[in-house]
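Here the structure is a predicted model, which means the values were calculated and not measured.
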Amino acid sequence: MTAELYITRPEFSEVRSDLREAQNDIIEIRTNQKLQGATLTEILAEVKNKSSVREMLIAGGSGVGGGMAVGLYVLFQWLHHQ
């Protein structure tokens with residue numbers, strides 16, 4: 001989905017800048033989510049092969065930890081730009 005927004009008046013230059021920055025943040029978040037999805041798929045494949053409770057807990061913990069790390073990164077980026 002692509003949204004085209006045409007704001008041409010000079011007084012809206014800050015809005016255009018903020019919009020570009022938000023779009024770049026969204027692209028970065030989506031890229032991180034795709035990478036995490038691929039990593040989790042690999043982890044789940046390994047867990048299914050080994051079927052160890054200990055390894056399942058390690059894999060689940062690493063997935064949750066990675067998600068929390070990205071979430072905190074995005075939060076700090078958002079707070080920094082406010």
Enquirer: Report the distance from atom CG of N24 to atom CZ of R20, rounding to the nearest 0.5 Å.
Expert: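 It comes to 9.0 Å.
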Enquirer: Examine L40 and L35 and state if one hydrophobic cluster contains both, with Ile, Leu, Val, Met, Phe, Trp and Tyr joined whenever side-chain heavy atoms are less than 4.5 Å apart.
Expert: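 In one cluster: no.
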Enquirer: So how far is it from D25 CG to D18 CG, rounded to the nearest 0.5 Å?
Expert: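 With rounding to 0.5 Å, CG (D25) is 10.5 Å from CG (D18).
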